[in-house]
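Every chain is numbered from 1, with letters handed out A, B, ... down the list of sequences. It should be emphasised that the depicted structure is a prediction, and the values quoted were computed from it without experimental measurement.
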Protein chains: 2
Amino acid sequence: MILEEIQKSHRHLTASEVYDLVRERLPNISLGTVYRNLEVLSDLGLIRRLDLGDTKRRYDFTTEKHYHIRCVKCGRVEDIDIENLDSLCPKGDGDRGWRIIDHNLEVLGICPECNHNANSNKQNKEETHV
Amino acid sequence: MILEEIQKSHRHLTASEVYDLVRERLPNISLGTVYRNLEVLSDLGLIRRLDLGDTKRRYDFTTEKHYHIRCVKCGRVEDIDIENLDSLCPKGDGDRGWRIIDHNLEVLGICPECNHNANSNKQNKEETHV
DNA sequence: CTTCTTGCAAATGATTTGCACGCTA
DNA sequence: TAGCGTGCAAATCATTTGCAAGAAG
């Protein structure tokens with residue numbers, strides 16, 4: 001599985017990003033195969049599926065529990081350093097008979113790049129306005 | 001907007017669930033119209049879009065900040081009582097130049113019903129096994 | 001007449017699946 | 001030969017969009 005090899009990108013890739021990367025080495029690989037293997041790899045616990053509030057699923061190179069921040073402008077996803085929240089979530093058969101399995105926290109924001117672009121735009125508008 | 005009226009279902013409906021409900025009163029309404037109006041309503045802040053780690057978007061009848069628990073078996077979504085986590089998330093231009101906007105917490109679990117069904121199944125299997 | 005809102009159907013985008021083929025045991 | 005993993009294309013599913021027609025001002 002060269003896919004795993006690709007996970008060393010240390011980013012949070014979408015299936016098609018993985019596809020593009022892998023295709024540099026295996027030009028004939030199909031998108032379907034990428035999807036199938038990403039699924040297998042995450043079932044094996046070698047990568048982590050990220051189903052965030054986004055349209056595209058992403059895959060994380062590390063399977064350790066941690067949280068993410070996503071740019072609402074460009075969609076970029078990065079890790080964010082927030083303490084583990086297990087203690088906050090109802091334990092075991094806690095809440096009204098639910099069996100708790102896991103939790104996900106996603107922080108939304110605007111990344112430095114998009115922030116910067118927004119500022120430049122504002123700058124430009126102001127300038128042309130004068 | 002009879003859609004809003006429908007939101008009084010006090011549940012976390014998907015677009016097609018809303019569609020089904022509204023159609024009981026307006027049999028000719030189209031799914032596209034439902035989508036368009038759900039979008040308008042959430043832009044107006046009258047309902048809240050829920051982009052959880054699910055394939056379908058849901059709409060919440062209340063716009064107050066709170067968190068949800070989703071059943072990984074049947075997809076049911078309910079509110080969950082967890083304190084507000086704003087304080088945990090990096091403030092303002094906190095993390096590496098990101099501008100923080102919001103955050104979402106989703107707890108995953110198995111709802112009482114699915115739990116119960118799973119148990120019945122296990123029971124049955126054990127019984128037939130004897 | 002102009003504008004806004006619809007129904008309808010087709011388009012989109014991400015993901016999944018059916019199928020036939022080649023590789024390996 | 002039996003079975004698995006693949007490329008390819010078609011199928012799904014949720015959501016969005018283009019367009020012509022009707023309602024409202």
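- Here the side chain of A/Arg58 pairs no donor or acceptor atom with the backbone of A/Leu52 at under 3.5 angstrom.
- A/Arg48 has no carboxylate O lying under 4.0 Å from a charged side-chain N of A/Glu64, or vice versa, which leaves the two without a salt bridge.
- Rounded to whole Å, atom C1' of D/dT16 lies 16 Å from atom OH of B/Tyr19.
- Whole-Å rounding puts the B/Ile29 CD1 to C/dC8 P distance at 11 Å.
- A straight line from CD of B/Glu39 to C1' of D/dT15 spans 10 Å, rounded to a whole angstrom.
- For D/dG7, neither phosphate oxygen OP1 nor OP2 lies less than 4.0 angstrom from any side-chain nitrogen or oxygen of A/Arg23.
- Comparing D/dG7, D/dT15, C/dT15 against the side chain of B/Ala15 picks out D/dT15 as the nearest.
- Atom CG of B/Leu38 is separated from atom C1' of C/dT6 by 15 Å (rounded to the nearest Å).
- Side-chain polar atoms of A/His68 and A/Asn104 form no donor-acceptor pair below 3.5 angstrom.
- Between B/Lys56 atom NZ and D/dT12 atom P there is a gap of 16 Å when expressed in whole angstrom units.
- Straight-line distance from the OH atom of A/Tyr59 to the C1' atom of C/dT15: 9 Å, rounded to whole Å.
- Across all non-hydrogen atoms, the minimal contact from B/Ser30 to B/Tyr19 is C-CE1, 3.8 Å.
- Each of A/Gly32 and B/Thr55 was matched to the nucleotide of DNA chain D holding its nearest heavy atom; the match closer to the 5' end belongs to A/Gly32.
- Atoms CD (B/Glu17) and P (D/dT15) sit 11 Å apart, rounded to a whole Å.
- Close to D/dT15, at under 4.0 Å from its OP1 or OP2, lies a side-chain N or O of B/Tyr35.
- Atom CG of A/Leu31 is separated from atom P of C/dT15 by 9 Å (rounded to the nearest Å).
- Picking from C/dG18, D/dT15, C/dT6 the nucleotide with the shortest atom distance to the side chain of B/Arg36 gives C/dT6.
- When distances run from any side-chain atom of B/Thr33 to the nucleotides C/dG7, C/dA14, D/dA14, the shortest one goes to C/dG7.
- Contact record, A/Tyr67 with A/Glu83: CE1-O, 3.4 Å, taken as the closest heavy-atom pair.
- Closest to the side chain of A/Asn37, out of C/dT15, D/dT15, D/dT6, is D/dT6.
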